[in-house]
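Have a look at the structure below before the remarks.
Just so you know, ligand 1 is whichever comes first in the structure, and atom 1 is the first atom listed for that ligand. Keep in mind that what you see is a predicted model, and the values were worked out from it rather than measured.
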Amino acid sequence: MTMPQDKTTLLKVLQAQPVMPVVAVASASEAVNLSRALVAGGLKAIEITLRTSAALEAIRAVAAEVPEIVVGAGTILTPKQFDDAEEAGAKFVVSPGATMEVLDAAKGSPAPLLPGAATPSELMAMIEEGYEVLKFFPAEQLGGVPYLKSLAPVFQNITFCPTGGISMANVRDYLALPNVVCVGGSWVAPKDTVSAGRFDEVTRLAAEAAALTA
Ligand code: 3PG
């Protein structure tokens, strides 16, 4: 048995906004500008994914320069990535799935882990490890809102953060589910908008997302 998940710390981050912006950044300065734009729109956390070579440097810069936002690391696939993200200053860590190795790396870390799980067996395995707050990815492709609705009566203590295929067009349906704490999505910081430096537009999208009720 690994150490149980620090639900209190994690839920505090997730409950602070209905939408967690999931981003892949080109540079540390882009991440800092983006974080400031999100804060201006009312979002309180950002998940910087380890999908670009700038990710760790970006996490470090945002942690140091934008104290108004809670910076987390996403797309953590290996224990080394977990350790690197924690060392860079990530306050929470998100994984699309879960392996025993990644759960081991999370043991005793001040940065709580949000691991992904989807099938009933995966959920049961996570419960056995003391994890009850889970990512559900890729949400739309796995069955979306009806799928999460079907899980609710069976897995009564599980809370999800669904991501993947969510946008303003369907986000309200997710947020209306009692077993959803918030959703994750890249739509609040579209790649083209960010690389064009249109941070006012990011602030507008963030404000629209922040005004949703979870
Ligand atoms: C994630 O890692 O959570 C997803 O890639 C976000 O999915 P989206 O780009 O469909 O919002």
### Task
Output the distance between atom CE (Met126) and atom OG (Ser121), rounded to the nearest 0.5 Å.
11.5 Å
### Query
Hey, does the side chain of Asn170 reach the backbone of Gly165 with a donor-acceptor pair shorter than 3.5 angstrom?
yes
### Message
Using the ring pair (Phe, Tyr, Trp, His ring centres under 6.0 Å) criterion, which residues pair with Phe82? Sequence neighbours excluded.
### Response
none
### Task
Measure from the side-chain N and O atoms of Asn179 to the backbone N and O of Leu148, and report whether any donor-acceptor pair falls under 3.5 Å.
yes
Between ligand 1 and the protein, give all atom pairs where both partners are nitrogen or oxygen and the distance is under 3.5 Å, as lines of names plus distance to 0.1 Å.
{"from": "ligand 1", "atom 1": "2 (O)", "to": "Arg51", "atom 2": "NH2", "distance (Å)": "2.4"}
{"from": "ligand 1", "atom 1": "2 (O)", "to": "Lys135", "atom 2": "NZ", "distance (Å)": "3.4"}
{"from": "ligand 1", "atom 1": "3 (O)", "to": "Lys135", "atom 2": "NZ", "distance (Å)": "2.7"}
{"from": "ligand 1", "atom 1": "3 (O)", "to": "Thr163", "atom 2": "OG1", "distance (Å)": "2.6"}
{"from": "ligand 1", "atom 1": "5 (O)", "to": "Arg51", "atom 2": "NH1", "distance (Å)": "3.4"}
{"from": "ligand 1", "atom 1": "5 (O)", "to": "Arg51", "atom 2": "NH2", "distance (Å)": "3.1"}
{"from": "ligand 1", "atom 1": "9 (O)", "to": "Ser186", "atom 2": "OG", "distance (Å)": "2.6"}
{"from": "ligand 1", "atom 1": "10 (O)", "to": "Gly165", "atom 2": "N", "distance (Å)": "2.8"}
{"from": "ligand 1", "atom 1": "11 (O)", "to": "Ser186", "atom 2": "N", "distance (Å)": "2.9"}
{"from": "ligand 1", "atom 1": "11 (O)", "to": "Ser186", "atom 2": "OG", "distance (Å)": "3.2"}

#### Entry: Main-chain N/O of Pro4 paired with Glu129 side-chain donor or acceptor, under 3.5 Å
no
### Task
For the residue pair Phe136 and Phe160, categorise the inter-ring angle as parallel (less than 30°), tilted (30 to 60°) or perpendicular (more than 60°).
perpendicular
